[in-house]
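Following: one structure in structure tokens, then a few remarks.
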Number of protein chains: 2
Amino acid sequence: MARRLHAPMTSHTEENYLKAIFKLAEKTAKAVSTNAIAAEMRTSAASVTDMLKRLAEKELIHYEKYRGVQLTEQGSQLATALIRKHRLWEVFLVDKLGFAWDEVHDLAEQLEHVQGSGLVERLDTFLGRPKFDPHGDPIPDAEGRWAFRQQVALNTLQPGDKGVVTGVDEHSTEFLQYLDQLGLALGARLELLERYPYDQSVRIRTADGRELTLSEKVGQNLYVKVS
Amino acid sequence: MARRLHAPMTSHTEENYLKAIFKLAEKTAKAVSTNAIAAEMRTSAASVTDMLKRLAEKELIHYEKYRGVQLTEQGSQLATALIRKHRLWEVFLVDKLGFAWDEVHDLAEQLEHVQGSGLVERLDTFLGRPKFDPHGDPIPDAEGRWAFRQQVALNTLQPGDKGVVTGVDEHSTEFLQYLDQLGLALGARLELLERYPYDQSVRIRTADGRELTLSEKVGQNLYVKVS
DNA sequence: TGTTGTTTTTAGGGTGGTCTAAAAATAACG
DNA sequence: CGTTATTTTTAGACCACCCTAAAAACAACA
């Protein structure tokens, strides 16, 4: 097959770089460094530089030697569309095909690169226009607008506060499976009973009355909406 | 042993070659020529030769210079799995997302290369284990077995014969849209009224009583099951 | 300021895939 | 059979992407 008649303007690889840059820019709020991208993509800095030139050539990023990069408007839109596709496919895999929330990342990573007239919008409609993916991450709409979520890390709650699990900050299989084990799925209700300053761990009570002690690490990576 | 357990690293391109070879071998029943593959893949004969060496290296085809190629057992299994995926995704796109039967080929072409643990089987289950795709082509099961279809080209029927449309031999947008226009979707019932030996065209009556004259070309490319 | 250490870029090369043009093998025909 | 036509393979080059090693630029600090 090689080249289909209308060669995609951006290759899979380029798309992955854009997504990585978007993700990093989100966290740092300033120009993204070559090394940071290399780490995110698990590749060498030299390869990154190589790609940055190509992306700059296509006007998907602003790039000045030694000065880091920022996405252009076009690049940002492309990255947003990619994230939209990724998260919609994750919803599909979990809601329709019955995958667990820790199994879908790699598949969605492939599915997000499928392109074709109207596929995303039809998928969106089919899924009932979800606003969040199975990890609680927001899904931008077709115009690139993001739903806003009022959530905080679990370990910022005070004793007596009640909330609902709305998302996670870490997507590793280990963490997600651990949450499953604890019975802490998305939407689970809980109440914070006590905070232990010594090691920043917290004690909570779940909806079904079980009491759990969670480490600082879990408390940081679990998001809840206070209710 | 270990060799078989290791994921057979095949690239998208290699997979597409295997599928092309499978398709050609199906029709010709003997060794497939380099030129035939080049035509099918819309690429140069030189590129094909290049790829044939790689596929032979991986033991996916039997290849002797100037003698054409045949799939090995392994290659055949891979091609069959690809066709299974392609056709299942086509069912998904039409049945679930509401695409028309002439719009899904290119998308399925991309989706068929997505690989991951259990995806195909879950998709199959989700779709209700369909045996035929939206064009009436059979979908091999997980073990590579094909459903058998008793169908014949429309222009082999005799006056008075009645049948149901079960598939098409040509998948072009033009042909499929023409059929839509004529109201001849998969499952449409019809009766052959008359054959015109002069140009091999035929006259039929549809379920809703309309009478149509179809050219030899349509008669060859439309499959029906006599009832 | 100069020196040292880190980050980034360049240089040069490898692989998988593409191509065209030319050579070699096979097939067809007189 | 030999000659011609067709098919297939080789030769050589290019592109996208990857790498390592070395050079260049930048940052920190005595």
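Computed from a prediction, not measured in an experiment: that's the story for all the values here. Residue numbering restarts at 1 for every chain, and letters A, B, ... go by the order of the sequence lines.
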With a 4.0 Å cutoff (strictly under), does any side-chain N or O of B/Tyr17 reach OP1 or OP2 of C/dG16? no

How many whole angstroms separate atom CG of A/Leu52 from atom P of D/dC18? 11 Å

Can you establish whether the number of heavy atoms outside A/Glu216 located under 6.0 Å from its atom CD is more than 12? yes

Close side-chain approach of A/Val104 to A/Trp89, heavy-atom, < 4.5 Å: no

Check the interface with nucleotides 21-29 of chain C: list each N/O to N/O pair with the protein under 3.5 Å, or write none.
| residue | atom | partner | partner atom | Å |
| --- | --- | --- | --- | --- |
| C/dA25 | O4' | B/Tyr66 | OH | 3.4 |

If each of A/Ala45 and A/His12 is mapped to the nucleotide of DNA chain D with the nearest heavy atom, which maps nearer the 5' terminus, i.e. the 5' end? A/His12

What residues in residues 31-38 of chain A put a non-hydrogen atom under 4.0 Å from any atom of DNA chain C? A/Ser33, A/Thr34, A/Asn35

Distance-only, no hydrogens or angles: does the B/Gln110 side chain make a donor-acceptor pair with backbone N or O of A/Gln115 under 3.5 Å? yes

Measure from CE on A/Met51 to C1' on C/dT10 and round the result to the nearest Å. 18 Å

Short side-chain N/O contact to C/dT10 OP1/OP2 from A/Lys53, under 4.0 Å: yes

A/Glu143 CD: over 12 foreign heavy atoms closer than 6.0 Å: yes

Starting at NZ of A/Lys58 and ending at P of D/dC15, how long is that distance when rounded to a whole Å? 14 Å

Sugar-phosphate, base or nothing in reach of B/Ser44, heavy atoms under 4.0 Å: base

In whole angstroms, how far is the C1' atom of D/dC17 from the CD atom of A/Glu14? 10 Å

Establish, for the pair A/Lys96 and A/Phe126, whether the NZ or CZ atom is under 6.0 angstrom from the six-membered ring centre and no further than 45 degrees off its axis. yes

On the nucleotide D/dA16, are OP1 or OP2 found under 4.0 Å from the side-chain N or O atoms that A/Thr13 carries? no

Tested for salt bridge (charged side-chain N to carboxylate O under 4.0 Å, His left out) against B/Asp124, the lone hit among B/Lys85, B/Arg87, B/Arg84, B/Lys131 is B/Arg84

Are side-chain N/O atoms of B/Thr10 and B/Glu15 paired as donor and acceptor at under 3.5 Å? yes

B/His86, B/His135, B/His105 screened by ring-ring contact (aromatic ring centres under 6.0 Å, His included) with B/His171, the one that passes: B/His135

I'd like to know if the side chain of B/Thr72 reaches the main chain of B/Leu60, judged simply by a donor and an acceptor atom lying under 3.5 Å from each other, with no hydrogens or angles considered. yes

A/Met41 CE to D/dC17 C1', in whole Å, measures 11 Å

Rounded to whole Å, please give me the gap between CG in A/Leu55 and C1' in D/dC17. 12 Å

Between C/dT7 (C1') and A/Glu64 (CD): distance, integer Å: 16 Å

Considering just the side-chain nitrogens and oxygens of A/Ser47, establish if one lies under 4.0 Å of OP1 or OP2 belonging to D/dC19. yes

At under 4.0 Å, does any side-chain N or O of B/Arg54 touch on OP1 or OP2 of C/dG16? no

Rounded distance in Å - CE (B/Met9) to C1' (C/dG16): 11 Å

What orientation do A/His113 and A/His12 show, parallel under 30°, tilted 30 to 60°, or perpendicular over 60°? parallel

